[in-house]
**Student:** 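Have a look at the structure that comes next, please.
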Amino acid sequence: MKGQWCFMAEKETMRHGKQRLDTGAGRGDEETMQHAKGGTSFTISIGPVHPALKEPIQLDFEIEGEKVKNADLRLSQAHRGIEWIGTNRNPIQILYLAERICGICNVCHTLSFCRAVESIANIEVPPRAQYIRTVTAELERIHSHMLWAGVAAHELGFDSVMHYTWRAREKVLDTIEILTGNRVTKGMPTIGGVRRDFPEKHHKRILETVGFYKSIFGKLQDMLLHDPVIEARTRGIGVLKKEEALALCAVGPTARASGVKRDVRQDEPYAAYCDLGVRAITPKEVLGEVHGDVFDRIAVRLAEVAQSADIIEHCVRNIPEGKIVFEEKPIKVLAQLRGAQGEGIGRLEAPRGEVFHYVKMTGQEAPYAWKVKAPTYSNLLSILPMMREAQIADIPIIAASIDP
Amino acid sequence: MFGMAKELLRQLFKKPFTNLFPAKRAPGSVKDFLKAVGEGKKKLNPPVPVPEGYRGKIRYYRDKCIGCGLCTRVCPAEAVVLIPEEKKIRYHMSRCCFCAQCVEVCPVKALETTQEFLLADYKKS
């Protein structure tokens with residue numbers, strides 16, 4: 001029942017969001033009627049199965065010739081009921097459920113849930129665990145951005161770049177496997193710390209990985225940013241203006257590529273980011289000017305790979321000694337959480353933007369409520385202004401440019 | 001400017017990165033190939049070794065188990081089921097999500113992770 005309410009609330013926000021966009025885009029009823037009378041435009045819908053992005057959404061395009069005149073979005077095509085399942089499980093079990101919300105950014109979801117529960121139960125995380133959490137999250141960011149660079153190249157029809165970036169991504173996956181015990185699903189954060197330590201022998205391996213990404217960074221920039229074909233396909237395509245990004249509450253690299261200096265690591269530092277002073281990267285720092293197009297989004301994500309490499313290197317060199325978890329026995333953690341009451345939130349910067357988890361505990365073993373907001377949900381509306389006046393051939397890359 | 005063209009030319013003279021597992025050439029029938037491997041007629045191309053601490057298939061030592069049921073409380077996938085009459089557990093590999101939380105919680109080390117990762121099968125048992 002609770003899950004159903006969450007679902008309806010989601011729908012409600014979508015409806016409001018859409019109304020706001022319609023007025024913002026200046027699309028009046030007259031214009032729509034004109035199209036209907038003239039008969040020159042028609043509507044095609046793409047989705048809800050795999051519409052250039054692997055999420056169940058349906059996009060309706062009003063097409064005139066080769067141009068997209070208007071776009072609309074229909075969400076809520078799939079309901080997994082994860083939040084409802086979570087309200088029937090204890091927090092230790094939810095860790096692995098949260099991990100499965102998003103395959104690529106799994107540490108972010110688990111960490112966000114952990115932070116929400118820790119704030120309810122007033123659990124203090126040891127500093128060494130904070131550093132390990134940061135390193136894992138940043139390794140994941142490199143992995144996600146490299147994957148995305150490959151997908152973007154694939155959507156542009158440049159498959160050799162895709163194979164190159166995915167080959168380069170293998171390095172970070174292997175490192176993650178050595179550190180955490182699995183290539184993708186890491187299972188690293190737990191309530192009050194992390195599950196595995198980074199012993200001294202693994203530091204060399206992490207630094208080697210970081211060095212590898214720094215060494216190929218120039219090559220990647222050459223391939224993706226100085227390539228005339230990629231520039232022709234992405235410059236001036238899918239423009240999201242700064243005002244639109246702010247009005248539609250875009251998050252993560254999508255917002256930053258439009259010149260909005262928004263990054264949870266900078267605005268509300270968590271884990272070890274308090275010691276690092278991370279700054280949000282906008283195209284101004286990378287290219288000198290902000291266009292807010294697909295090219296800028298590629299540039300921002302590439303620059304973030306280099307930024308993550310720097311963060312990891314700093315963390316590994318300055319990692320403090322000490323415990324990695326506040327209480328080693330999970331059963332004792334559960335006993336402590338049973339007495340906890342209250343509400344908590346955990347927000348942090350995933351590779352795609354801000355992840356938000358809300359948890360309410362009422363002294364029972366299972367949480368009373370759990371609400372998740374994944375970054376793509378915040379970013380989806382910004383697809384619509386990007387699609388305006390786009391060519392049909394550019395639809396896949398624009399849809400993929402928010403990194404769904 | 002011609003970053004990718006240079007890289008493609010360089011790649012021509014490099015060994016392929018992919019490890020061709022289980023065979024260098026795709027066999028006509030995988031079943032026949034595996035049968036031949038079992039009889040010792042053909043050889044497997046070895047997989048990339050998994051690292052130490054890999055979370056593979058869980059091994060259960062029935063004689064060590066004291067039936068305390070802690071693993072059933074932390075298992076997120078209900079892959080570990082307690083049999084109260086026998087004071088033992090039953091481990092369902094097909095439900096397992098390989099988080100190894102049960103291995104961590106077990107007080108007598110009756111569960112452990114192995115390096116085994118080839119788990120696909122036609123039968124569930």
Side-chain angles (χ1 to χ4, degrees), chain A residues 85-86 89-100 110 153 158-161 163-164 166-168 170 174-183 185-187 190 195-196 199 201-202 205 216 218-231 325 328-334 365, chain B residues 1-12 14-19 21 47-58 66 68-82 95-109 111-117 119:
Chain A
I85 302 172
R89 291 209 178 358
N90 67 42
I92 293 280
Q93 291 172 319
I94 297 177
L95 289 177
Y96 306 100
L97 188 64
E99 206 165 44
R100 271 129 188 107
T110 325
F158 204 164
D159 271 11
S160 43
V161 173
H163 287 293
Y164 182 80
W166 283 29
R167 151 90 172 77
E170 280 299 308
D174 287 347
T175 309
I176 289 171
E177 189 180 18
I178 290 170
L179 295 174
T180 69
N182 245 329
R183 271 160 62 91
T185 323
K186 302 172 194 71
T190 187
R195 286 177 64 199
R196 283 191 191 199
K201 62 180 176 185
H202 288 160
R205 168 79 200 199
I216 63 157
K219 214 189 259 180
L220 278 173
Q221 269 193 325
D222 202 29
M223 272 174 206
L224 285 156
L225 300 182
H226 303 151
D227 191 285
V229 180
I230 291 189
E231 189 162 356
V325 64
E328 271 175 22
K329 291 189 173 132
I331 294 299
K332 283 193 180 167
V333 177
L334 281 181
E365 188 161 68
Chain B
M1 186 175 150
F2 295 105
M4 198 61 234
K6 267 188 270 173
E7 189 57 41
L8 284 174
L9 285 175
R10 202 173 297 139
Q11 213 66 42
L12 273 180
K14 271 189 185 169
K15 232 176 81 181
F17 179 71
T18 315
N19 178 44
F21 174 75
V48 179
V50 290
E52 197 188 326
Y54 176 78
R55 297 196 310 256
K57 186 180 175 180
I58 311 274
I66 52 169
C68 63
L70 289 183
C71 42
T72 56
R73 280 199 63 203
V74 294
C75 180
E78 290 169 14
V80 188
V81 182
L82 186 71
R95 293 184 200 167
C96 184
C97 70
F98 305 101
C99 63
Q101 187 73 60
C102 52
V103 179
E104 241 170 61
V105 84
C106 185
V108 289
K109 297 198 167 39
L111 291 155
E112 68 170 24
T113 50
T114 60
Q115 309 255 308
E116 205 176 320
F117 63 92
L119 305 175

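Please read these numbers as outputs of a predicted model, since none were measured by experiment. Throughout, protein chains are lettered first and strands after them, A, B, ... in sequence-line order, and every chain is numbered starting at 1.
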**Student:** Please state whether the side chain, the backbone, both or neither of A:E170 comes within less than 4.5 Å of a heavy atom of chain B.
**Tutor:** side chain

**Student:** Count the heavy atoms of every other residue, nucleotide or ligand shown that sit under 6.0 Å from CD of B:Q11, and state whether that count exceeds 12.
**Tutor:** yes

**Student:** Tell me, side chain or backbone of A:E365 under 4.5 Å from chain B's heavy atoms, or both, or neither?
**Tutor:** side chain

**Student:** Which residues pass the side-chain hydrogen bond (donor to acceptor under 3.5 Å, both in side chains) test with B:E78, sequence neighbours left out?
**Tutor:** none

**Student:** Which answer fits A:I178, side chain, backbone, both or neither, if we ask what part of it has an atom under 4.5 Å from a heavy atom of chain B?
**Tutor:** both

**Student:** Output the option from A:K186, A:K329, A:E328 having the highest count of non-hydrogen pairs under 4.5 Å with chain B.
**Tutor:** A:K186

**Student:** Can you tell me if B:K109 has over 12 outside heavy atoms packed within less than 6.0 Å of its NZ?
**Tutor:** no

**Student:** Can you tell me which of A:S160, A:P330, A:G187 forms the most heavy-atom pairs within a distance under 4.5 Å of chain B?
**Tutor:** A:S160

**Student:** According to the interplanar angle, ranging from 0 to 90°, do the rings of B:F117 and B:Y54 count as parallel (below 30°), tilted (30 to 60°) or perpendicular (above 60°)?
**Tutor:** perpendicular

**Student:** A:L179 versus chain B, heavy atoms under 4.5 Å apart: side chain, backbone, both or neither?
**Tutor:** neither

**Student:** For the candidates A:R195, A:K219, A:M223, which exhibits the highest count of non-hydrogen atom pairs separated by less than 4.5 Å from chain B?
**Tutor:** A:R195

**Student:** Considering only heavy atoms, which portion of A:R196 lies under 4.5 Å from any heavy atom of chain B: side chain, backbone, both, or neither?
**Tutor:** side chain

**Student:** Is B:A100 in contact with chain A via its backbone, its side chain, both, or neither, using a 4.5 Å heavy-atom distance?
**Tutor:** both

**Student:** Any side-chain to backbone donor/acceptor pair from B:N19 onto B:F21? Under 3.5 Å, distance only.
**Tutor:** no

**Student:** What part of B:Q101 lies closer than 4.5 angstrom to a heavy atom of chain A: side chain, backbone, both or neither?
**Tutor:** both

